[in-house]
Amino acid sequence: MSERESPRPAPPISRRAAPKLTDARKRELAEAYLTQGAAYDALRPGYPDAALDLLDATAPDSSRAAESPALSPSPAAAPDPSRAAGPALDPAKRAVDLGAGTGKLTTALLNRGWSVTAVDPSAAMLELISDPAPGPASPAHSDRPALTRVTAPAEATGLPDASADLVVAAQAWHWFDSAEATGEVLRILAAGGTLGLIWNTLDVTIPWVHRYSRIMHAGDILREGFRPEVGPGLTLTGQHVITWEDPRSTDEMIRLALTRSYTATAGEERRARVLSNLDWYIHDHLGHEPGSMVGIPYRTDLFLYRRA
């Protein structure tokens with residue numbers, strides 16, 4: 001895995017600077033993702049350590065713990081050996097994941113000691129997010145990162161003012177009304193807080209990946225020079241591109257198409273044609289043995305913002 005600030009230009013896979021979704025298209029895709037949530041969770045990649053390190057670096061000093069009593073460990077809690085399992089809670093690390101979906105980024109942040117409020121319009125998607133530690137929530141587990149699920153749109157979370165040290169949106173910002181979502185971010189961000197917008201896309205600077213993406217109709221490739229559209233009040237403080245590989249079996253490489261909007265919303269005949277074409281390309285053209293593992297190259301774009 002490597003980080004680079006000036007990636008090679010992507011081939012012209014799309015004329016769009018970013019994914020563009022009409023209201024009707026948003027409804028269509030949302031319904032498709034509801035039925036493909038388990039496949040999305042199993043087959044889409046997580047986020048590279050380098051990106052998570054950059055998000056971790058935005059955390060305020062842990063001296064904020066005294067200002068956040070609701071997240072501080074309870075002094076009255078009885079000793080419990082099971083507390084040692086799993087990541088430890090840092091009371092100064094309060095994150096909100098907008099459009100959390102099945103919780104790819106939520107889970108990664110929980111594993112790094114953030115307490116995370118996962119926000120999504122779909123309660124069914126949120127239920128796919130695993131709790132950070134086994135057992136019921138109780139004061140005896142108050143030193144573990146907490147997961148809270150909130151069924152709400154990103155533009156109106158209902159969360160308290162200044163309740164987040166980090167707000168993130170992974171693969172999701174283009175689904176929101178950017179002006180309204182920006183206003184909500186500014187409302188729930190604590191002083192000194194950060195907004196992180198992150199996208200994983202196939203690294204189409206590599207020729208075989210470019211063709212692979214075309215066969216599966218992966219339409220979420222970002223053009224060079226892309227900047228997310230945000231409303232007034234936010235200043236871009238960091239932009240990072242990280243290249244890395246996600247190891248997958250050839251079967252998973254084929255089924256990854258099921259998480260793409262083109263295939264997820266297709267009829268049976270078109271879906272079967274896409275899967276058949278991928279089977280030919282991966283096994284016959286590229287020569288991979290069925291079931292063998294292949295590193296799928298990705299690029300992760302991370303944009304960091306603070307108050308203007």
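Between the side chains of T250 and H283, a donor-acceptor pair is found at a separation under 3.5 Å. E184 and T157 form a side-chain donor-acceptor contact under 3.5 Å, judged by distance and modelled atom types alone. With 3.5 Å as the limit, one finds a donor-acceptor pair spanning the side chains of T259 and R44. Between H174 and W199, the side chains place a donor N or O and an acceptor N or O closer than 3.5 Å (distance only, hydrogens not considered). There is no side-chain donor-acceptor pair under 3.5 Å between D203 and W244.
For the atom pair OG1 of T201 and CD of Q171, the computed distance is 8.0 Å after rounding to the nearest 0.5 Å. Separating the CG atom in L195 from the CG atom in L189 is a distance of 6.5 Å, to the nearest 0.5 Å. With values rounded to the nearest 0.5 angstrom, T102 atom OG1 is found 12.5 Å from E127 atom CD. Here CG of L278 is found 10.5 Å from CG of L286. Values are rounded to the nearest 0.5 Å. Note: Y212 OH to H285 NE2 = 14.5 Å, rounded to the nearest 0.5 Å. Atoms CG and CG, on L197 and L302 in that order, are 8.0 Å from each other to the nearest 0.5 Å.
Checked by atom type and distance alone, the side chain of E180 never pairs as donor or acceptor with a backbone atom of D177 at under 3.5 Å. Using a distance-only test at 3.5 Å, with no hydrogens or angles considered, no donor-acceptor pair links the side chain of T107 to the main chain of K104. T237 places a side-chain N or O within donor-acceptor distance of the main-chain N or O of L304, the cut-off being under 3.5 Å. Side-chain atoms of S276 do not come within 3.5 Å of backbone N or O of R273 as any donor-acceptor pair. A donor-acceptor pair is defined here as one N or O able to donate and one able to accept, closer than 3.5 Å; such a pair exists between the side chain of R306 and the backbone of G192. For R307 (side chain) and L186 (main-chain N/O), a donor-acceptor pair under 3.5 Å exists by modelled atom type. Checking side-chain atoms of D97 against main-chain N and O of T106 turns up a donor-acceptor pair under 3.5 Å.
Between F303 and L236, some side-chain heavy-atom pair lies under the 4.5 Å cut-off. Taking the side chain as every heavy atom from C-beta outward, V96 and V150 never approach each other to under 4.5 Å. Using a 4.5 Å cut-off on side-chain heavy atoms (C-beta onward), I188 and S163 make contact. Looking at heavy atoms from C-beta onward, I254 lies in side-chain contact with I282 at the 4.5 angstrom threshold. Between T117 and L159 the shortest side-chain heavy-atom distance falls below 4.5 Å. Contact of the Y305 side chain with the V185 side chain is not registered, since no non-hydrogen atoms from C-beta on lie closer than 4.5 Å.
Between L55 and G196, the shortest heavy-atom contact is CD2-CA, 4.4 Å. Summarising the geometry of G231 relative to T182, their closest heavy-atom pair is N-OG1, 2.8 Å, with the distance given to 0.1 Å. L43 and L256 make their closest contact through O-CD1, 3.5 Å (heavy atoms, listed as atom of the first residue, atom of the second, distance). Residues W208 and G295 share a closest heavy-atom pair of CZ2-O, 4.0 Å. When all heavy atoms of S122 and D120 are compared, the pair lying nearest together is N-OD1, 2.9 Å. What you find for G46 and N200 is that their closest heavy atoms are O-ND2, 2.7 Å.
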One pair to check against ring-ring contact (aromatic ring centres under 6.0 Å, His included): Y47 and Y298. What are the steps and the verdict? CA-CA 10 Å; Y47 295 92; Y298 281 92; 9.7 Å; no
Are W114 and R94 close enough, and set up right, to give a side-chain contact (heavy atoms from CB on, under 4.5 Å), and what steps lead you there? CA-CA 6 Å; W114 293 83; R94 304 168 298 164; 5.7 Å; no
With side-chain contact (heavy atoms from CB on, under 4.5 Å) as the criterion, how do L110 and L147 come out once you've worked through the C-alpha distance, each side chain's angles and the decisive distance to 0.1 Å? CA-CA 8 Å; L110 288 167; L147 168 63; 4.1 Å; yes
side-chain contact (heavy atoms from CB on, under 4.5 Å) assessment of L202 paired with S213: CA-CA 7 Å; L202 292 166; S213 72; 3.7 Å; yes
Starting from the C-alpha separation in whole Å, work towards a yes-or-no answer on side-chain contact (heavy atoms from CB on, under 4.5 Å) for L166 and K93. CA-CA 8 Å; L166 172 67; K93 294 170 70 172; over 6 Å; no
Hey, mind stepping through D131 and R149 against salt bridge (charged side-chain N to carboxylate O under 4.0 Å, His left out) and telling me if it holds? CA-CA 10 Å; D131 287 305; R149 300 175 180 87; 3.6 Å; yes
Apply salt bridge (charged side-chain N to carboxylate O under 4.0 Å, His left out) to residues R112 and D49 and explain how you reach the verdict. CA-CA 10 Å; R112 285 177 170 246; D49 286 340; 3.7 Å; yes
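Taking hydrophobic clusters as Ile, Leu, Val, Met, Phe, Trp and Tyr residues chained together by side-chain heavy-atom distances below 4.5 Å, M253 does not share a cluster with M293.
A154 is linked by a side chain to side chain contact (heavy atoms under 4.5 Å, CB included) to L98, F176, counting only residues two or more places apart in sequence or in another chain.
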